[in-house]
2 protein chains.
Amino acid sequence: MDSHNPSAPDTNRSLPIALLRAREKVMGPIRAMLADVGVTEQQWRVLRVLAERGTLDPTEIADRSCLLMPSLTRILQTLTTKGLITREAHPTDKRRQLVSITAEGRQLIADNLKESQRLNAWLRDSFGADKLDTLLDLLNELDRLDRDPRG
Amino acid sequence: MDSHNPSAPDTNRSLPIALLRAREKVMGPIRAMLADVGVTEQQWRVLRVLAERGTLDPTEIADRSCLLMPSLTRILQTLTTKGLITREAHPTDKRRQLVSITAEGRQLIADNLKESQRLNAWLRDSFGADKLDTLLDLLNELDRLDRDPRG
DNA sequence: CGCTTATACTTAACATGTTAATAGAAAACG
DNA sequence: CGTTTTCTATTAACATGTTAAGTATAAGCG
């Protein structure tokens with residue numbers, strides 16, 4: 001088929017690429033929805049986490065929303081400017097902060113939650129509930145694999 | 001469990017997040033390998049595509065390496081500076097270019113291909129060949145889903 | 001208590017992601 | 001043939017990804 005490099009796998013069989021394409025497929029419509037409201041996918045994740053869990057410190061937000069601290073620092077600044085979150089100092093530990101979502105932030109979530117659920121339902125219907133569950137199981141299992149293959 | 005927002009799915013059951021985490025798990029070791037050589041994951045993808053397919057125009061590179069044109073433009077500039085690729089004008093269509101990998105670029109790939117394959121083998125062994133195939137099938141199928149859920 | 005180490009961000013620097021606008025050239029079309 | 005449309009690639013502008021360094025505070029320890 002290809003005389004250039006037979007040892008390289010087809011991109012369809014490359015897990016990193018396949019994950020990339022799948023993510024793009026799922027995120028495309030979500031990004032389109034959020035663009036109308038003026039928040040990014042990552043900002044939306046942060047707001048969702050805060051709405052779900054209540055007041056959190058940045059470290060836990062980063063963990064739950066899958067963001068690195070440097071990214072989160074900038075995102076929290078942006079969200080504060082937009083009036084969607086507030087930050088206050090931790091009462092006993094001056095290194096830490098406490099981040100909360102504002103009423104305005106909750107309203108933004110409320111305004112988009114229905115559409116978000118509609119997209120989820122579309123995915124479940126189009127792809128199949130059983131396949132979706134299998135896929136999620138496999139992805140979670142992959143994520144729990146042993147640390148590092150450097151042995 | 002959580003009185004804040006019962007309608008929001010657990011992040012483990014959120015496909016976008018699950019895809020993100022899985023990708024990070026797979027890419028971490030690869031990035032570490034590439035960092036030692038001084039190329040990024042995306043630059044590596046471009047070089048791989050060129051090594052596999054030979055001379056290509058930027059549009060096809062973008063398609064095959066899953067990069068957007070603006071990103072690719074910058075990456076091609078970087079790779080040219082590093083002496084890993086060359087660019088020439090298309091003989092008949094002055095809008096287009098022809099990009100080729102240099103001997104130095106091929107050498108970089110050769111130097112890292114074995115380790116790359118070792119990481120692939122580790123993944124296959126740790127995760128299981130059957131599960132990996134199932135996962136790839138599901139991801140590819142997801143990618144082929146109907147265009148847009150806007151209807 | 002004073003020193004060392006660890007923790008919680010923050011900043012910096014560079015690369016990419018993402019959308020929109022742009023410039024140049026080819027193709028379509030009246 | 002000339003105009004309009006489409007295509008290719010770049011640039012711009014802003015947000016995030018990523019690694020390393022910096023800053024301030026807390027915790028551990030002799």
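Naming convention: chains lettered A, B, ... in sequence-line order (proteins, then strands); numbering from 1 in each chain. Keep in mind the model is a prediction, meaning the values are calculated, not measured.
Atom CE of A:M27 is separated from atom P of C:dT19 by 10 Å (rounded to the nearest Å). Counting to the nearest Å, the P atom of C:dA15 and the CZ atom of B:R31 are 15 Å from each other. Atom pair A:H90:NE2 and D:dA26:P shows a separation of 10 Å (rounding to whole Å applied). One interatomic measurement links the two molecules: CD1 of A:I75 to P of C:dG17, which rounds to 16 Å at whole-angstrom precision. Rounded to an integer number of Å, the gap from A:I61 CD1 to C:dA8 P is 14 Å. Between the CG atom of A:L67 and the P atom of C:dA8 there is a distance of 17 Å, rounded to whole Å. Rounded to whole Å, the distance from CG on B:L19 to P on D:dG17 is 15 Å. As a whole-Å value, the separation of B:R45 CZ from D:dG17 C1' is 13 Å.
Of the candidate nucleotides C:dT18, C:dA15, D:dT19, C:dA15 has the atom nearest to the side chain of B:Q43.
Put simply, B:I17 and A:L68 are part of two different groups of oily side chains (I, L, V, M, F, W, Y) that touch within less than 4.5 Å, one to the next.
Taking 4.0 angstrom as the limit, A:T40 places a side-chain polar atom (N or O) nearer than this to OP1 or OP2 of D:dT16. The side chain of B:Q42 contributes no N or O atom lying less than 4.0 Å from OP1 or OP2 of D:dG17.
The shortest distance between side-chain heavy atoms of B:V37 and B:W44 does not fall below 4.5 Å. Side-chain atoms of A:L67 and A:Q42, non-hydrogen and from C-beta on, do get closer than 4.5 Å to each other.
Under the side chain to side chain donor-acceptor pair (under 3.5 Å) criterion, B:R96 pairs with no residue at all, not counting sequence neighbours. Remark: B:Q107 pairs with B:D111 by the side chain to side chain donor-acceptor pair (under 3.5 Å) rule, at least two apart or across chains.
Evaluated for a side-chain contact (heavy atoms from CB on, under 4.5 Å) with B:L50, the options B:L79, B:L84, B:V99, B:T55 yield exactly one hit, B:V99.
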## Note on the structure
Contact string for nucleotides 4-14 of chain D, one letter per nucleotide 5' to 3', B = base within protein heavy-atom range under 4.0 Å, S = sugar-phosphate only, - = neither, reads ---BSSBBBB-
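Ionic pairing of A:D36 and A:R31 is not present here: no N-O contact between side-chain nitrogen and carboxylate oxygen is shorter than 4.0 angstrom.
Take the nearest nucleotide of DNA chain D for A:T78 and for A:K94: the residue whose nucleotide is more 5' is A:T78.
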